[in-house]
Amino acid sequence: MIDTITVLPEFGITLTLLAYLVSRRVLRNVHSPIANPIVVASLVCIAILRVTGIPISHYQQGGDLLMMLILPATICLAVMVYENLDSLKGNYLPIAVGSTVGAFVSIASVLLLSKLFGLSLILERSLLTKSVTTAIAIELVPVTSADLSIVVMSVIITGISGTLIGPVILRLFKVKNPVLQGIAMGTSSHVIGTSRAMELGKQQGAASSVALFVTGLVTVGMLLALYHI
Amino acid sequence: MLILLVLLLVKAIRPHHIDRTAHILLAYMGVLFIPPIVDVADHTELLGSQSFTYVLIIVISTTLTFLATLGSAALVMRFQRMVGKKRTQP
């Protein structure tokens with residue numbers, strides 16, 4: 001009986017929405033940089049599925065439908081950029097330089113740390129595209145000869161770690177400039193970071209959107225130069 | 001994203017045509033990342049014995065990327081302010 005309900009797409013969608021809305025409501029008054037509703041809601045979903053023994057394949061019937069909206073939502077970031085063009089004026093050079101340096105550091109640090117820690121070649125290559133959106137990372141798989149599933153996993157884990165670490169660093173260094181906050185979030189943790197930046201403010205969201213776009217372009221260029229030419 | 005931005009800038013698409021849908025998607029964007037995160041938790045076996053090292057590298061690299069981006073963008077902003085001040089001085 002329960003199986004016939006949980007296998008419906010509505011189950012996954014309802015569980016996700018409820019977990020997110022409850023987490024957001026509960027965390028509204030918690031002023032900690034690590035109180036992230038996306039992470040908390042995900043942990044709640046995982047815990048519910050593990051405790052009840054509901055297969056993740058059932059949950060993903062609805063989850064896949066929600067995931068299909070990630071690409072249109074990413075494209076809609078253009079609306080946020082358009083609405084905040086005035087606040088971005090004069091900040092295009094810092095965004096371009098910051099995102100280019102960030103993309104370079106992301107790739108260089110993965111190569112160096114992988115050698116240092118003796119990470120396998122397939123994991124190393126699957127980490128190279130960790131700071132770009134999933135759509136771009138998937139397109140780069142033939143270039144880097146990485147594993148598709150691990151590439152997606154790397155992008156997601158990077159997004160989560162960026163949304164957890166980023167606000168801590170911003171608080172530690174007392175960074176109040178909204179454009180700076182957005183550039184750092186978008187470059188280091190792509191769309192997941194941008195969704196967090198939007199919670200901080202519209203300027204942060206717009207700067208983060210432009211930064212993730214520039215990071216994507218620079219990463220594609222660098223990886224093509226490294227592995228294709 | 002770039003194409004939509006260009007279409008908005010050249011007024012081929014008016015903001016009010018897409019405003020409502022775009023804002024709903026953007027407001028609840030966070031929800032869309034919950035299913036892939038749940039999926040990741042189900043595929044940790046792909047990492048084998050190197051899962052800890054793999055996550056550690058992501059955390060260190062993301063921190064370095066964040067700091068490098070923040071530092072370089074802040075330097076450019078400071079430089080722009082200095083140039084701006086010099087230009088306004090008589």
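In what follows, every chain begins at residue 1, and chains take the letters A, B, ... in the order their sequences are listed.
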(message) Which one wins on heavy-atom pair count under 4.5 Å against chain B: A:Phe104, A:Phe173, A:Tyr82?
(response) A:Tyr82
(request) Go through A:Ile70, A:Val110, A:Val97 and name the one with the most non-hydrogen pairs under 4.5 angstrom from chain B. (result) A:Ile70
(message) With a 6.0 Å cut-off (strictly less than), is the heavy-atom count around OH of B:Tyr28, excluding the residue itself, greater than 12?
(response) no
(message) Within the 4.5 Å heavy-atom criterion, are A:Tyr59 and B:Pro35 side-chain neighbours or not?
(response) yes
(request) Could you tell me which of A:Ser57, A:Gly193, A:Ser149, A:Pro94 has the largest number of non-hydrogen atom pairs under 4.5 Å with chain B? (result) A:Pro94
(request) Could you have a look at B:Thr21, B:Leu9, B:Leu8, B:Leu75 and say which one has the most heavy-atom pairs with chain A under 4.5 angstrom? (result) B:Leu8
(message) Can you confirm whether A:Leu121 is buried at CG, in the sense that more than 12 heavy atoms of other residues, nucleotides or ligands lie under 6.0 Å from that atom?
(response) yes
(request) Indicate the atoms forming the closest heavy-atom contact of B:Ala73 with A:Ile183, along with that distance. (result) CB-CD1, 4.0 Å
(request) With a 4.5 angstrom heavy-atom cut-off, could you sort out which part of A:Thr194 is near chain B: side chain, backbone, both or neither? (result) neither
(message) Under a 4.5 Å cutoff for heavy-atom pairs, which residue among B:Pro15, B:Ala41, B:Pro36 has the most contacts with chain A?
(response) B:Pro36
(request) Would you name the heavy atoms of A:Cys76 and B:Leu4 that are closest together and state the gap between them? (result) CA-CD2, 4.3 Å
(request) Evaluate the side-chain proximity of A:Leu93 to B:Phe79: yes if any heavy-atom separation is below 4.5 Å, no if none is. (result) no
(request) Tell me, for A:Leu85 versus chain B, whether the close heavy atoms (under 4.5 Å) come from the side chain, the backbone, both or neither. (result) side chain
(message) Exactly one of A:Thr16, A:Ile13, A:Leu69 should register a side-chain contact (heavy atoms from CB on, under 4.5 Å) with B:Val31. Which one does?
(response) A:Thr16
(request) Among the options A:Val175, A:Val101, A:Leu17, A:Val155, pick out the one with the most heavy-atom pairs lying under 4.5 Å from chain B. (result) A:Val101
(message) Between A:Ser154 and chain B, with a heavy-atom cut-off of 4.5 Å, which part of the residue counts as in contact: side chain, backbone, both or neither?
(response) both
(request) Would you mind telling me which of B:Asp39, B:Ile18, B:Leu5, B:Ile57 has the largest number of heavy-atom pairs within less than 4.5 Å of chain A? (result) B:Ile57
(message) Restricting to non-hydrogen atoms, name the atom on B:Val59 and the atom on A:Ser161 that form the minimum distance, rounded to 0.1 Å.
(response) CG2-CB, 4.4 Å
(request) For B:Val38 and A:Cys45, work out which heavy atoms get closest and say how close. (result) CG2-CB, 3.8 Å
(request) Side chain from CB out, backbone as N, CA, C, O: work out which of these in A:Ser209 comes under 4.5 Å of a heavy atom of chain B, or both, or neither. (result) both
(request) To the nearest 0.5 Å, tell me how far A:Asn177 CG sits from B:Leu70 CG. (result) 9.5 Å
(request) Compare all side-chain heavy atoms of B:Met29 with those of A:Leu77 and state whether any distance is below 4.5 angstrom. (result) yes
(request) Supply the atom-to-atom distance A:Ile95 CD1 to B:Thr69 OG1, rounded to the nearest 0.5 angstrom. (result) 12.0 Å
(request) Output the option from B:Thr53, B:Leu26, B:Leu64, B:Val40 having the highest count of non-hydrogen pairs under 4.5 Å with chain A. (result) B:Leu26
(message) Out of the candidates A:Ile192, A:Val191, A:Leu66, A:Thr74, only one should pair with B:Leu32 under the side-chain contact (heavy atoms from CB on, under 4.5 Å) rule; please name it.
(response) A:Leu66
(message) Using heavy-atom distances under 4.5 Å, tell me whether A:Met68 contacts chain B through its side chain, its backbone, both, or neither.
(response) neither
(request) Could you have a look at A:Leu65, A:Ile38, A:Leu21 and say which one has the most heavy-atom pairs with chain B under 4.5 angstrom? (result) A:Ile38
(request) Name the option with the most non-hydrogen atom pairs under 4.5 Å to chain A; the candidates are B:Ile13, B:Leu67, B:Leu7. (result) B:Leu67
(request) Side-chain contact test, heavy atoms from C-beta onward, threshold under 4.5 Å: evaluate it for B:Ser61 versus A:Leu127 and give yes or no. (result) no
(request) Pick one of side chain, backbone, both or neither for A:Thr215, based on which atoms fall under 4.5 Å of a heavy atom in chain B. (result) neither
(request) Can you tell which part of A:Pro37 gets under 4.5 Å to a heavy atom of chain B, answering side chain, backbone, both or neither? (result) neither
(message) Quick one, A:Met67 and B:Phe33 - any side-chain contact, counting heavy atoms below 4.5 Å?
(response) no
(message) Could you measure the distance from the CG atom of B:Asp19 to the CD atom of A:Glu83? Nearest 0.5 Å is fine.
(response) 5.5 Å
(request) Tell me, out of A:Ser188, A:Gly63, A:Gly205, who's got the most heavy-atom pairs with chain B below 4.5 Å. (result) A:Ser188
(message) Using every non-hydrogen atom in the two residues, find where A:Leu119 and B:Gln50 come nearest and quote the distance to one decimal.
(response) CA-NE2, 3.5 Å
(message) For the OH atom of A:Tyr20 and the CD1 atom of B:Ile34, what is their distance to the nearest 0.5 Å?
(response) 7.0 Å
(message) Any non-hydrogen side-chain atom of B:Met1 less than 4.5 Å from a side-chain atom of A:Thr133?
(response) no
(message) Distance check, rounded to the nearest 0.5 Å: A:Asn91 atom CG versus B:Met77 atom CE?
(response) 4.5 Å
(request) With a 4.5 angstrom heavy-atom cut-off, could you sort out which part of A:Ile160 is near chain B: side chain, backbone, both or neither? (result) side chain
(request) Go through the atoms of A:Leu49 and report whether side chain, backbone, both or neither lie under 4.5 Å from a heavy atom of chain B. (result) side chain
(message) Nearest 0.5 Å, please: how far is CG in A:Leu113 from CD1 in B:Ile60?
(response) 5.5 Å
(message) To check you understand the geometry: which heavy-atom pair defines the closest contact between A:Met153 and B:Tyr54, and what is its length?
(response) C-OH, 3.7 Å
(message) With a 4.5 angstrom heavy-atom cut-off, is it the side chain or the backbone of A:Leu180 that approaches chain B, or both, or neither?
(response) both
